[in-house]
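Working notes for the structure below.
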Amino acid sequence: MIKVTLKDNSVREFNEGISVIGAAKEIGAGLAKAACCGKVNGEVVDLRTPLTEDCNLEICTFDSEEGKHAFWHSSSHLLAEAVKRLFPESKFAIGPAIKDGFYYDFDVEKPFTEDDCEKIEAEMKKIVKEKAKIERFELDLPEALELMKDEPYKIELINEHAGKGEKISFYKQGEKFTDLCAGPHLMDFSPIKAIKITSVAGAYWRGNEKNKMLCRIYGTSYTTKEALEEHLNRIEEAKKRDHRKLGKELGIFMMRDEGPGFPFFLPKGMALKNALLEYWRDIHRKAGYVEISTPIILNRKLWETSGHWDHYKENMYTTSIDEEDYAIKPMNCPGGILAYQSEPRSYRDLPIRMGELGIVHRHEKSGQLHGLMRVRCFTQDDAHIFMTEDQIKDEIKGVVKLIDEVYNLFGFKYHVELSTRPENSMGSDADWEMATDGLKGALDDLGIEYVINEGDGAFYGPKIDFHLEDSIGRTWQCGTIQLDFQLPLRFNLEYTGADGEKHRPIMIHRVAFGSIERFMGILIEHFAGAFPLWLAPVQVKIIPISDKHADYAKQIEKVLFDKYFRVETDTRAEKMGYKIREAQLQKIPYMIIVGDNEKENGTVSVRSRNSGDLGSMKLEDFIVKIDEENRSRAR
């Protein structure tokens, strides 16, 4: 017998060799029916995996991230089987689970049409009803190659294991379909109650534009029809909020073929961006930061010292100046380090908090570019904190509190991940342990819940990542805190301690917004373009009822303009209703309507985007109202 500790810390005894699904059945039939995969000692495993020794066991259902992954991965194989039945000449590439669903890449003579997708979806539902078992088996390399001899993409994948001496795993669905896969998978397709093919796109094999273009089918699946319907409704809402669509309609930004991945901010976009930067400067001044600016282009030697030339060069743009190699900076940290080195430092100076709104450039593949969310040039709201070892915990706490203040202002919920040492890293085990313990200690002291993201730290240190949730439930990774012992060592940074000796400072890298451009894209979608007053590119639109009221409207515009409000007057020869609708479509917070009564009485008639008609009031009273709303940055 073996002892198995379950998620609730209860301990059960099972016969040695029992499978994960077998254990689930003994725990309860309902749990076994909902099971998608398991976790043994924290490692995700297939339901068919035998338990051979005492362990911790978690049965993962669709409610967990691991369960969803196995569910959607199984759904991708269901898609592949349906395609093979309907289009037997198609060749298979890969079919992973992704966020909110799955895809599968196929090599076909001509791309799948909408009619094809309807047939594929129907065939998937038919296969589910057949209730065929999904079985896992392994083969040696020669047998695996023989089995997949008619599938060139699978042959390529199998051959990558040729020198590893590993057996190759496959999953068989019923009697007629087998696919190369490491799993994990469902026991059968019966839990898949709702399926939807969502789109078709082209995709290069392995993401390399030098390879053949394949046809990718995207889909999603759920355990109930109601859950699928909710998901599809969220997709429709997301389409309405798409920042690329709203960015164009609201005149915020544009993209041009002359600069793919390099956004152009239009006047209204700059108003929004500057409002964010003003807020950034305000909170950082209050938190004791000083602002610096460092060059965009620096020489190769600097990037070799920092480690970026060896660890990050494929993402960097390089150039040659006076026969010497230079790089356009992908990160601001080396420049911040040079700023620290500009004068001798004492322990009395520390901590030094240097903030920088630095423009960085990173090479992204063309297929990965996406509006403001994935660009090649962006402004990073960086800060670098130089401190002593005993200041680590307090400084991390200060950064966490600042990031918390930022996200609360915009109404974002968030969760936190602690990312640990990656394989491609610099530094000693002791440094990494000290750095990781420092981050954990700060989070524990603040009582902040977090999950461990193994192996996803930066190459120079562990990090805390903040994943914020927008108004329709999507998550975005924005804020980051990275603790770094390596760059101070590589750049030989020093300060004079109380003992008169030279000591090495420790460094924090951190961002709150992350990328200003990406954060703007998130805000556009979060607010659906209806920004709070303090962010709105146009805060007040003045609409004269007729031409004879235009002069009074312009007087009001000047008063508001002189008070530093962003204001426009609509003097076009259009009907009132049309002008009002236009202002509503532009999502402007306040409209002022002026006619005979307003002109005679020196008043304004005010309409609020949120509250409707506010009636007539003195202009000075309106200014007091919006000035308070603007200053408080009310949401």
(request) Decide yes or no on side-chain contact (heavy atoms from CB on, under 4.5 Å) for I155 and Y153, but give the supporting numbers first. (result) CA-CA 5 Å; I155 292 292; Y153 300 98; over 6 Å; no
(message) I'd like to know if the side chain of R136 reaches the main chain of P184, judged simply by a donor and an acceptor atom lying under 3.5 Å from each other, with no hydrogens or angles considered.
(response) no
(message) With a 4.5 Å cut-off on side-chain heavy atoms, are L31 and T61 touching?
(response) yes
(request) Decide whether D46 and T49 meet the rule of one side-chain donor and one side-chain acceptor closer than 3.5 Å. (result) no
(request) For a side chain to side chain contact (heavy atoms under 4.5 Å, CB included) with W476, tell me which candidate from H467, E525, E469 qualifies. (result) E525
(message) Show, in sequence, the C-alpha distance, side-chain angles and deciding distance for F92 and F106, and conclude whether the ring-ring contact (aromatic ring centres under 6.0 Å, His included) test is met.
(response) CA-CA 5 Å; F92 299 112; F106 303 96; 5.6 Å; yes
(request) Could you grab the distance from atom CD of Q477 to atom CG of D465, nearest 0.5 Å is fine? (result) 4.0 Å
(message) Can you tell me which residue among F62, F102, F71 is in a ring pair (Phe, Tyr, Trp, His ring centres under 6.0 Å) with Y222?
(response) F62
(request) May I have the step-by-step check of ring-ring contact (aromatic ring centres under 6.0 Å, His included) for F87 and F112, ending in yes or no? (result) CA-CA 10 Å; F87 305 91; F112 294 113; 5.1 Å; yes
(message) Please check: side-chain N/O of Y407 versus main-chain N/O of G479, any donor-acceptor pairing under 3.5 Å?
(response) yes
(message) Would the distance check show the side chain of D188 and the main-chain N or O of S190 forming a donor-acceptor pair, the cut-off being under 3.5 Å?
(response) yes
(request) Could you pull out the closest heavy-atom pair between E121 and I195, with the gap in Å? (result) OE2-O, 3.6 Å
(message) I need the D100 CG to W72 CH2 distance, nearest 0.5 Å.
(response) 5.0 Å
(message) Taking the ring of F410 and the ring of F519, is the distance between their centroids below 6.0 Å?
(response) yes
(message) With rounding to the nearest 0.5 angstrom, report the CD1 to NZ distance, I168 to K154.
(response) 12.5 Å
(request) Determine yes or no for a side-chain-to-main-chain donor-acceptor pair under 3.5 angstrom, with S74 supplying the side chain and L186 the backbone. (result) yes
(request) Would you check if the side chain of E89 reaches a backbone N or O of V108 as a donor-acceptor pair within less than 3.5 Å? (result) no
(message) Are more than 12 heavy atoms, taken from residues, nucleotides or ligands other than E449, located less than 6.0 Å from that residue's CD atom?
(response) no
(request) Calculate, to the nearest 0.5 Å, the distance between atoms NZ and NZ belonging to K129 and K125 respectively. (result) 8.5 Å
